[in-house]
Visitor: 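Below is the structure I would like to discuss, written out as structure tokens.
Just so we're on the same page: letters track the sequence lines, and every chain starts at 1.
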Amino acid sequence: MVALREGWPVLLSVAVIGIPFGVLARQAGLDILQTSAMSVLLFAGAAQFAAIELLRAGANPVVVAVTALLINLRHLPMGASLRPHFGPRPLLQRLGLAYLLTDEAFAMGIGWYRRGGSGVAYYVVFGAALWASWNLATLVGAVVGGAIPDPRVLALDFAISATFTAIVALGARGRRDLAIALVAAIIAGVLRGAGLAPIAVVAAGAIAALAGLLVRPAK
Amino acid sequence: MSVWLAIVGAGLITYLTRTLPLAVEWRWGGSALFRRYLEDLPIAIIAALAGAGVLAPDQRLALGPEVIGAAVVAAVARWRRNLLLAILTGIAVVALLRLLL
């Protein structure tokens, strides 16, 4: 259960974000069933917050779906990176592993493999716990509403960024990796700051890895 | 009705972005350059996730407590090689800075 021991700050933080999601979804006019259905079907925080903002503004379903597509394009390179670590598996298992793919599960999984781990248990245990945490918190927010715990107290909102940072610092193998990481982080921050949040991560990752091709790898 | 359409449509598209690389059989071109690109991609993406949250926590570029917190996280992670310790130290630093600033 290494995944839970290392991942609990993220699981807690996701729960704390899930509650306000449930509350905001209800305020945007969704009922409890719709709110929970969104957390089960999308299971993607950023896209869900964007979706309820759009629905509140009266956007049509096509706009909501296209926005979700843009925000979630980053899953493509994530899945491609994880796949070799998963090894050959029957289609049904791969469909299940794909359902659990989130930023957090991807980062925790890659962090695990970079430290020499193997198999899918770490990824699955963390992914399933994250799913339970997100969906339970959504339901609590949708049913209870109102009393939103402020994640900024105790800096719990920072837990997820802190986890990503720690995984990069632990997984980077030398200066070249660190340089790629720094370039990616800065581009992503600038893009998000410029109002391009939906594509910030996928664009920054793609560009930084491309820049890495210009640098000769250490022999 | 249109809310359900939005939920189901966005859900299906999101699942598609997850399954395409994992469940579909790919025949990668497999040039050495492309393989190197794929090797660098994971660290770049995790760093991008971190950078977006650290440098623009409220969707605006800002050098706030999160930047110092991230530096502390990276330093502790490199020094102690302990994921959980690095995360908890960083959270404590950011909580403290917010209290003071």
Side-chain angles (χ1 to χ4, degrees), chain A residues 6 9 30 34 37-38 41-42 44 47 51 55 61 64-65 68-69 72-73 75-77 79-81 83 91 94-95 97-98 101 103 107 110 154-155 158-159 161-172 177 180-181 184-186 188-189 192-193 197 200-201 204-205 208-209 212-213, chain B residues 2-15 17-23 26 33 36-38 40-57 59-62 65-66 69-70 73-78 81 83-84 86-88 90-92 94-95 98:
Chain A
E6 293 185 334
L30 277 66
Q34 288 167 333
M38 194 183 267
L41 290 176
L42 266 81
L55 287 173
V64 176
L69 175 66
N72 291 323
L73 275 180
H75 291 143
L76 295 174
S81 304
R83 181 157 190 172
L91 180 65
R94 276 182 281 145
L95 289 173
L97 291 168
L101 177 59
D103 295 345
I110 290 291
L154 301 178
F158 183 67
S161 293
T163 302
F164 294 149
T165 306
I167 288 168
V168 170
L170 275 175
D177 276 3
I180 292 172
I186 292 171
R192 191 178 189 209
V201 169
L213 291 180
Chain B
S2 89
V3 170
W4 276 113
L5 270 178
I7 293 171
V8 173
L12 283 175
I13 282 192
T14 298
Y15 187 56
T17 63
R18 291 180 164 121
T19 44
L20 273 179
L22 279 172
W26 295 101
L33 206 64
R36 245 178 74 197
Y37 182 73
L38 281 186
D40 289 337
L41 209 46
I43 210 93
I45 290 190
I46 302 170
L49 288 166
V54 168
L55 294 172
Q59 317 272 330
R60 253 173 298 126
L61 207 57
E66 293 82 6
V73 169
V76 173
R78 298 289 293 184
R81 315 297 304 172
L83 190 73
L84 187 57
I87 296 165
L88 295 180
I91 294 173
V94 171
R98 282 185 188 162

Visitor: Is there side-chain contact between B/I45 and A/P77, with heavy atoms separated by less than 4.5 Å?
Guide: yes
Visitor: Could you look at A/L95 and say if it's the side chain, the backbone, both or neither that has a heavy atom under 4.5 Å from chain B?
Guide: both
Visitor: Who wins among A/A68, A/A208, A/G205 for the most heavy-atom pairs under 4.5 Å with chain B?
Guide: A/G205
Visitor: If you count the non-hydrogen atoms of other residues, nucleotides and ligands that lie under 6.0 Å from CZ in B/R81, is the total more than 12?
Guide: yes
Visitor: Can you tell me which portion of B/A74 sits under 4.5 Å from chain A's heavy atoms? Options are side chain, backbone, both or neither.
Guide: both
Visitor: For the side chain of B/Y15 and the backbone of A/A98, is there at least one donor-acceptor N/O pair under 3.5 Å apart?
Guide: no
Visitor: Please round to the nearest 0.5 Å and tell me the distance separating atom CG of B/L49 and atom OG1 of A/T163.
Guide: 11.5 Å
Visitor: Please determine, among A/T165, A/V64, A/I167, the option with the most heavy-atom pairs under 4.5 Å with chain B.
Guide: A/T165
Visitor: Kindly give the heavy-atom pair with the smallest separation between B/A70 and A/F158, and that separation in Å.
Guide: N-CZ, 3.6 Å
Visitor: Under a 4.5 Å heavy-atom cutoff, which of B/L5, B/L55, B/T14 has the most pairs with chain A?
Guide: B/T14
Visitor: Do you know which of A/L170, A/V168, A/I110 has the most heavy-atom pairs under 4.5 Å to chain B?
Guide: A/L170
Visitor: Tell me which of these, B/V54, B/L12, B/L61, B/I7, has more heavy-atom pairs under 4.5 Å with chain A than the rest.
Guide: B/I7
Visitor: Any idea which heavy atoms bring A/A162 and B/V73 closest together, and the distance?
Guide: O-CG1, 3.4 Å
Visitor: According to side chain to side chain donor-acceptor pair (under 3.5 Å), who are the partners of B/T17, at least two apart in sequence or on a separate chain?
Guide: A/H75
Visitor: Which one wins on heavy-atom pair count under 4.5 Å against chain B: A/L41, A/I186, A/L73?
Guide: A/L41
Visitor: Kindly write out the residues that satisfy side chain to side chain donor-acceptor pair (under 3.5 Å) with A/Q34, not counting sequence neighbours, or none if the list is empty.
Guide: none
Visitor: Considering all heavy atoms of both residues, which atom of A/A169 and which atom of B/R78 are nearest to each other, and what is their separation?
Guide: O-NH1, 2.9 Å
Visitor: Work out which heavy atom in B/I91 is nearest to a heavy atom in A/A159; give both atom names and the distance.
Guide: CD1-CB, 3.6 Å
Visitor: Side chains of A/L30 and B/V3: does their closest heavy-atom pair fall under 4.5 Å?
Guide: yes
Visitor: Under 4.5 Å, counting heavy-atom pairs only, tell me which of A/A200, A/G189, A/A181 racks up the most with chain B.
Guide: A/G189
Visitor: Say you draw a straight line from CG of A/L69 to CD1 of B/I13; how long is it, rounded to the nearest 0.5 Å?
Guide: 5.5 Å
Visitor: Give, as side chain, backbone, both or neither, the part of A/L91 having an atom under 4.5 angstrom from any heavy atom of chain B.
Guide: side chain
Visitor: What are the two closest non-hydrogen atoms of A/R192 and B/A52, and how far apart are they?
Guide: NH1-O, 3.1 Å
Visitor: Name the member of B/P65, B/A6, B/P57 that forms the most heavy-atom pairs with chain A at distances under 4.5 Å.
Guide: B/A6
Visitor: Heavy atoms only: give me the nearest A/G171-B/I43 pair and the separation to one decimal.
Guide: C-CD1, 3.9 Å
Visitor: Could you check which of B/G69, B/G9, B/A86 has the highest count of heavy-atom pairs closer than 4.5 Å to chain A?
Guide: B/G69
Visitor: If we define contacts as heavy-atom pairs under 4.5 Å, which of A/A209, A/A51, A/S161 has the most with chain B?
Guide: A/A209
Visitor: What distance do A/R94 atom CZ and B/L22 atom CG have between them, rounded to the nearest 0.5 Å?
Guide: 8.5 Å
